[in-house]
Amino acid sequence: MGWVSWVVLLVVVAVISTVQGQEEDMVDIYCGDKNCYEVLGVGRDSSRKDISKAYRKLAGKWHPDMFRTDEEKEIGEKKFMQIATAYETLREEESRTEYDYMLEHPEEMWRNYYRYYRRRVGPKVDVRLVLAVSISLISAGQYYFAWTNYSEAIKCLSAIPKYRIQATEIAKGDGLLKKDKKADRGKSKEELREEEENVIRGIIADKMDIKGGYAKPHWSDVLWVQMVIFPLTLYRWSAFYISWLWRFGIMREEYGREEQLYVIRKNLGVSKGQFDQMEEEEVEDMLELELWEKQKFKVWKKEKDAEMRIKMAQSGRHKQYRRYMKNHGGDRMTFED
């Protein structure tokens with residue numbers, strides 16, 4: 001329910017409470033001029049079976065179809081609606097408990113009104129069910145799109161001559177591309193090419209270690225699983241940082257290779273997936289330069305930024321952009337060619 005509905009609800013409650021607060025006798029907000037138990041002719045201690053029995057008896061008596069004239073039908077319809085409302089209120093344990101609370105605590109007007117209108121205009125579907133379905137749909141979409149990205153990555157790699165030639169050689173060496181005339185009989189050339197393409201893509205998928213956003217998806221990466229294992233993740237995260245603080249903050253141990261790579265990645269400000277996509281030679285150069293040390297990293301970063309500025313200054317597209325900014329400025333929109 002949106003915030004607008006809640007505002008309307010509060011306004012309605014305020015108006016009704018103001019009007020009824022002026023009356024000497026408070027009207028039953030559920031069943032009108034009568035107590036719901038009185039409407040059905042039952043007591044506060046009546047069982048659910050007794051309430052259902054009384055409802056069926058009165059509903060048969062006051063059903064509008066039992067009357068002939070329009071005036072009698074109108075009276076019967078109002079009475080029938082009151083009986084139905086009383087039954088709807090008392091047949092369920094939760095609503096009956098709320099109604100009994102209202103009878104016992106008439107001074108708690110605002111709470112009683114809130115409970116009444118929350119049940120009438122609030123969402124009927126269990127919020128837990130909505131959350132479960134939503135998380136399931138997100139998890140399914142997450143897994144599907146991850147597989148789509150992975151398939152596209154394999155497709156792109158299979159189109160690169162370097163990887164395609166290597167995959168073809170491996171396939172021939174393993175005998176995966178041998179022609180079997182009996183098995184291939186009746187197949188079109190298009191089907192044979194498709195089978196060969198699937199073999200090559202399968203080899204590339206087995207041999208290539210794709211990382212980052214196009215990595216092969218795993219069931220443990222979906223939202224549902226991540227939520228279930230969140231306590232374990234939190235424990236591992238806490239244990240990692242406590243161990244890091246103890247080993248390198250207090251005991252002053254030397255960084256190992258994994259720790260050096262972790263600090264370099266943090267200095268670069270990139271995610272693990274982005275760092276894993278870097279060329280191995282580039283990573284080794286960073287290790288040789290000891291970029292896990294802040295001072296050395298700052299010097300290296302300054303040199304890289306200077307190289308980038310030189311490259312941009314020599315770029316024809318960047319020169320064109322600078323001329324445009326000089327002539328038109330950054331706050332002007334133009335349709336000139």
Side-chain angles (χ1 to χ4, degrees), residues 136-226 229 256-289 291-292 300 304 307-308 310-312 314-318:
S136 299
L137 291 175
I138 293 172
S139 299
Q142 181 185 6
Y143 196 70
Y144 170 77
F145 287 116
W147 265 110
T148 302
N149 290 340
Y150 177 70
S151 300
E152 287 296 322
I154 296 298
K155 182 179 178 181
C156 291
L157 289 173
S158 64
I160 299 175
K162 173 184 175 181
Y163 300 120
R164 189 175 187 85
I165 292 172
Q166 292 180 3
T168 303
E169 291 177 355
I170 294 173
K172 288 180 178 178
D174 294 343
L176 299 176
L177 294 180
K178 287 184 178 180
K179 302 295 183 181
D180 189 340
K181 294 183 179 180
K182 291 184 179 180
D184 295 341
R185 187 175 300 169
K187 295 181 180 179
S188 64
K189 291 183 179 180
E190 185 177 344
E191 290 175 337
L192 294 174
R193 282 196 300 269
E194 185 177 352
E195 289 181 357
E196 181 179 341
E197 185 68 22
N198 290 334
V199 170
I200 293 174
R201 291 184 183 182
I203 293 173
I204 291 176
D206 292 336
K207 301 297 182 181
M208 294 293 292
D209 185 17
I210 303 175
K211 297 179 180 179
Y214 291 89
K216 186 176 182 179
H218 193 266
W219 61 269
S220 62
D221 296 329
V222 300
L223 181 59
W224 254 127
V225 180
Q226 290 296 314
I229 66 174
R257 179 183 173 86
E258 292 300 321
E259 289 77 20
Q260 291 171 356
L261 292 173
Y262 174 79
V263 176
I264 290 174
R265 178 168 67 83
K266 289 297 182 181
N267 288 339
L268 291 172
V270 298
S271 66
K272 189 176 186 305
Q274 292 172 320
F275 189 76
D276 290 340
Q277 287 180 315
M278 291 183 177
E279 296 291 338
E280 189 174 348
E281 295 179 0
E282 185 180 0
V283 174
E284 292 297 330
D285 290 340
M286 292 180 181
L287 288 171
E288 289 181 7
L289 294 172
L291 297 186
W292 61 86
W300 175 84
K304 285 291 182 181
E307 291 177 6
M308 181 60 66
I310 293 173
K311 288 182 180 179
M312 290 180 65
Q314 295 174 349
S315 171
R317 186 177 295 275
H318 185 67

**Prompt:** Would Glu281 and Glu284 count as a side-chain contact (heavy atoms from CB on, under 4.5 Å) if you check the C-alpha gap in whole Å, the side-chain angles of each, and the deciding distance to 0.1 Å?
**Reply:** CA-CA 5 Å; Glu281 295 179 0; Glu284 292 297 330; 5.7 Å; no

**Asked** Heavy-atom distance under 4.5 Å between the side chains of Leu287 and Ile264, does that happen here?
**Response** yes

**Item:** Nearest heavy atoms of Ala167 and Ile204, plus distance in Å
**Value:** CB-CG1, 3.8 Å

**Partner residues of Ser136 under the side chain to side chain donor-acceptor pair (under 3.5 Å) criterion, sequence neighbours left out** = Trp224

**Contact summary for Ser220 and His218, nearest pair of heavy atoms** = OG-ND1, 2.7 Å

**Item:** Arg265: partners by salt bridge (Lys or Arg N to Asp or Glu O under 4.0 Å), with sequence neighbours left out
**Value:** none

**Message:** Other residues, nucleotides and ligands only: do more than 12 of their heavy atoms fall within 6.0 Å of CD on Glu194?
**Reply:** no

**Asked** Looking at CZ of Arg193 and CD of Glu196, how far apart are the two atoms once the value is rounded to the nearest 0.5 Å?
**Response** 9.5 Å

**Prompt:** Would a line drawn from the ring center of Trp147 to the ring center of Tyr150 be shorter than 6.0 Å?
**Reply:** yes

**Item:** Pairing residues for Lys272 by the salt bridge (Lys or Arg N to Asp or Glu O under 4.0 Å) criterion, not counting sequence neighbours
**Value:** Asp276

**Asked** About how many Å separate CG of Asp285 and CD of Glu280, when rounded to the nearest 0.5 Å?
**Response** 11.0 Å

**Request:** Report yes if some heavy atom in the side chain of Met286 is under 4.5 Å from a heavy atom in the side chain of Asn267; otherwise report no.
**Result:** no

**Separation between NZ of Lys304 and CG of Leu268, rounded to the nearest 0.5 Å** = 10.5 Å

**Asked** So how far is it from Trp300 CH2 to Leu291 CG, rounded to the nearest 0.5 Å?
**Response** 6.0 Å

**Asked** How far apart are the closest heavy atoms of Val222 and Gln142, and which atoms are they?
**Response** CA-OE1, 3.4 Å

**Item:** Distance, nearest 0.5 Å, that separates CD1 of Ile170 from CD1 of Ile200
**Value:** 11.0 Å

**Message:** Looking at Arg164 and Glu197, is there a salt bridge between them, counting it only when a charged N and a carboxylate O are closer than 4.0 Å?
**Reply:** yes

**Closest contact, heavy atoms only, Val225 versus Trp219** = CG2-O, 3.4 Å

**Item:** Nearest-0.5 Å distance, CG of residue Asn149 to OH of residue Tyr144
**Value:** 10.5 Å

**Message:** Taking the basic N atoms (NZ, or NE/NH1/NH2) and the acidic carboxylate oxygens, is any pair closer than 4.0 Å for Lys266 and Glu259?
**Reply:** no

**Request:** Write down the atom of Leu157, the atom of Tyr163, and the distance for their closest heavy-atom approach.
**Result:** O-CB, 3.6 Å

